[in-house]
Amino acid sequence: MFAYDSIQKILAISTTDGRIKLFGKDNSQALLESDDTVPSKFLEFVQNQGILLNVNLKNHIEVWDLERRLLSHVHVFKEEITSFTVMQAGPYMYVGDSEGNIKVFKIEQEVCHVMQMKYTIPFSASHGNPTEVLADRAVISILPQPTAESKRILIIFKDGFMTLWEIRECKSILVTGGSMFQSVHNEAKHVTSACWVCPFGSKVAVGYDNGEVLIWSVPTSKQSEIGIQNTPFCKLILGFKSEKTPIASLKWAYADAKATRLYVMGASDVASTSLLQVILLNEHTETRTIKLGLHLSEPCLDMMITLSTTEQSKVKQDLLLLIGKSGNMYMYDDCSIEKYLLQCQSRSPPSLPKKVMVKMPFVDSSITIAKLITENPYALSSDEDYILVVKDIPSLVPLETKSKDGGHSNTYQFSGFGNIKNLYITGHSDGAINFWDISCHFPIPILSLKQQSEDDFSLSGIPVTALYFDGNSRIIISGDQSGTVRFFKFKPEPYTAENSFISFQGSTKKRNNHIQGVKVIKVNGSVLSLAICQNTRHVAIGNDHGDVSLVDTEGLNIIFQSHIASDISPGIISMQFKTCSLQNFEKNVLVVATKDSSVLAFDSDSGNMLSASMVQPKKPSRALFMHILDWQDIAVRGANLSTGSPIEEGIQKQSFILVCSEKAAYVYSLTHTIQGVKKVHYKKKFHSTSCCWASTFYTASDVGLMLLFTSGKVEIRSLPELSLFKETSIRGFRYSAPKPNSLSDSLMCSSNSGDVVMVNGDQEFFILSVLLQRETFRNLDFISRVYRKDLMLTQEVPASGATVQKEKKKGLFGSVLKDITGSKKHAPEMETEDTKESIEELSTIFSTANFPCEVENKDNQAVDEDEIDLNIDDIDLDDPGEKPKEQNILATLNKHKLKFQAFTAGKLKQMKVKNEKPITKEEQQQDEKSSAVDQIKKKYGFSLQGESSAAKMAESKLQENLRKLQGISLKTTEMQDNAKSFSSMARELLRTKEQEDK
């Protein structure tokens, strides 16, 4: 789900597991994680206030403080929330529920909390026909009228009824849609979405579950009586109704009278159907519908239009963002959509808008292999340099425009690896090798190498499957699926500016000049692993056929080649050189691990196998990782993570081989394994879920094993005992197992320091460390500072009056429109308001219980009818006119006495109200006119509002009076409790004063 702060330029994206990712200006990003791992129902910013409101499936209202990036408050809503709207001009929000009721909340901006107000809008008062027992009474949409936010809101119910609610007078001034409209057309339908389609709230577009989109007229000024409208203003002819596709979302973009657009998104699971259409709303809308269908490869879940136009740059770069069902995000240039709609029927129509898929990490091909090298002690660049570089990178989602002369070069001057603290190297499916500076929590592309053939240096296009990087000698070795191994030798550093050209767009205009030379050797099969011996500079190459080749890097001569036979899976997943003592002789050994978890050793000088047998578990499973544990490293560092029994005396001074598979982890004796003898010192089986990745980490004081499971669980275990030290989980991690003859979409790599980088396909990029209080990454706070408190509102948002003036000149669909019946309708007159004064008045209104009878507190005591003599004739229950700003319950009780009168034979005796006003001539004429209208409605089969039998009227009135009495009783009890509390405080104050005088 999307949310967008158009002033701060912050885009929020919520996930199905309770995370919210924020994208801001200058490539700032932040991640918000709630304890509730459930999707969002509603997500909305309090514009320019640093507050994000999230309503999840548990009906919890979460209040996020964006400045501190913390969850500040959670309000647990008891009912099911079906609609949620934040006022743009005031600190209030409306929450509608499945019972048709609306509650008002105040947003306490200083403490980032929400507080429920006393003002409510009950279903019985707002619905067009409250006497009907409806199952579809939920509030679907609450739309404050744009130019009168503090005065009126449009309430749209699921059954189709729409009510324009007067906030101050607590009454409806318009009732339309619903059963009145459906009875005429004999078609039952439910509302699924709605939005305004004019800047001052005179037209509203409503989407239904049968695929219809209707536009209804709404009055923009206060009316003296309730208006009833049964016919929509306009009906849009779209393709959704023929397929009965529900309208999932409606968005409106106002440009001018000719370019105003409505975005309609369907809720179908059929990918072949065009689920998104853009309709041009202008003076020709009723005679012909100009629309554009955006064809997507999957159903959409949400859409958002971001506005990037600023007064300073005068550059317009609006985006239409879409989220697909798979989690992929798509972008369209909204300006191109506007241009196409305006010119599509001309002689030279423009090309169709192009769809762009937002992918991580900024490249066109997926990552197939990666290496991470951290904590370069020679890194020289300062944090200030990184700030400039990060701001210069094109944003993942371009939420702001950058002027051409603003100093953004769009290139990174790569001067050498010596200035990079953390280096991330990725091999890709198209054969490319990319280098990233990951010194901060943001991958900065610095260099791109293309896999080139030995003859014409053309792109090979074959996925890279193995990488090895030697920082000291500046050599990188790559292997691909075809068995080609390339040796890249870099030139001496530092590199000059003229040969350090690299474009952020992923393509270079000239040949890269960082490489001194490239050597190529070919082996059989797909290369799976690479290892280098630091003493002899020999390179071992392992492939998926079980072949091991040893190559001299100088002359590229193959020293030896050997094949490992296996009935299960012969692929070589890992190799490591080691010098060890065998029979009092120093021997250079190459330890090899295969896919079926078998381990064996070669003499790296002669290529002979040191044993005829291999060491393997009884039940083989797919191997993930193999590493030689040196006893000196374990003795010095291992004690910090050791939580089990101390290492036995006899095995303290020997090295081990660690093998991790999907089902278990084993620690073998290195000496015994070389000799072909299986001696297991430690073993840990994984029962609950399979392991998908494993690695070790070494620091100055710690050594341990990291295990990642398919469920996202992470375990840190001590070495060599394999005892559990820490268990946690990674929110949002999704593992996809590799299919036969293909690579996995989930890719992990780590450094020796315990830093981990994970990529889920092209969608998510995780950076984490398994150790606390480490300073591997630069502390650049600005990267996560998405909210700018000092941003001035007047600099970013044009005055609303300018928008209104344009609309008054041309109107929404033109200055003069024809509705369905053919009559002309002029642009309605608007009602202006003083925002500051109106919000202050709202504070008083919302703090007053406008419907005390609707107070929901069943635990309080009931009314004692014997102690209170009440006369129903002494209170006016029906007059919805002017209400006092503050209601004094005690004064009401002293002034009036209530008493229930009897009703017999289904007829209610007429209620007489004290201090009645004489009926004027105008009122009498109004009553006669209303009666005539009622007779006409009755003749054509319309049910009259409020018409029912006398018994139903009596029952409804009796229940209303009982609820009112209960509300009065509750208020009296509350005041009595406050009086007791005040009396206790006074006595305590007097006692304290007397003690001070003594």
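Because the structure is predicted, anything quoted here is derived from the model rather than measured. All residue numbers in this chain count up from 1 along the given sequence.
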Next on the checklist: Tell me whether Lys489 contacts the main-chain N or O of Ser473 through its side chain, where contact means a donor paired with an acceptor under 3.5 Å.
Outcome noted: yes
Item to check | Ser526 side-chain N/O to Asp544 backbone N/O, donor-acceptor pair under 3.5 Å | outcome: no
Item to check | Residue pair Leu658 / Phe625, side-chain heavy-atom distance below 4.5 Å | outcome: yes
Next on the checklist: Using 30° and 60° as the class boundaries, would you call the ring planes of Phe686 and Phe709 parallel, tilted or perpendicular?
Outcome noted: perpendicular
Checklist entry - Got Ser549 and Val485 here, is their nearest side-chain heavy-atom distance under 4.5 Å? => result no
Item to check | No-hydrogen, no-angle side-chain donor-acceptor test under 3.5 Å, Thr671 and Ser669 | outcome: no
Checklist entry - Is the backbone N or O of Asp552 less than 3.5 Å from a side-chain atom of Asn557, with the two atoms forming a donor-acceptor pair by type? => result no
Item to check | Expected output: side-chain Asp603 to main-chain Asp605 donor-acceptor under 3.5 Å | outcome: yes
Next on the checklist: Minimum heavy-atom separation for Asn535 and Thr579, please, with both atom names.
Outcome noted: ND2-OG1, 4.3 Å
Next on the checklist: Does any part of the side chain of Glu715, heavy atoms only, come nearer than 4.5 Å to the side chain of Lys684, both counted from C-beta?
Outcome noted: no
Checklist entry - Which class fits the ring pair Tyr682 and Phe656: parallel under 30°, tilted 30 to 60°, perpendicular over 60°? => result perpendicular
Checklist entry - With a 4.5 Å heavy-atom cut-off, do Ile420 and Ile373 have their side chains touching? => result no
Checklist entry - Taking the side chain from Ser613 and the backbone from Gly676, do they hold a donor-acceptor pair closer than 3.5 Å? => result yes
Checklist entry - With distance as the sole test, does Ser621 use its side chain to make a donor-acceptor pair with the main-chain N or O of Ser661 at under 3.5 Å? => result no
Checklist entry - Taking all non-hydrogen atoms of both residues, which atom of Cys691 and which atom of Leu624 are closest, and how far apart? => result O-CD1, 3.4 Å
Checklist entry - Going by heavy atoms in the side chains, are Phe435 and Leu423 under 4.5 Å from each other? => result yes
Checklist entry - Considering only heavy atoms from C-beta outward, does the side chain of Ser611 approach that of Leu600 to under 4.5 Å? => result no
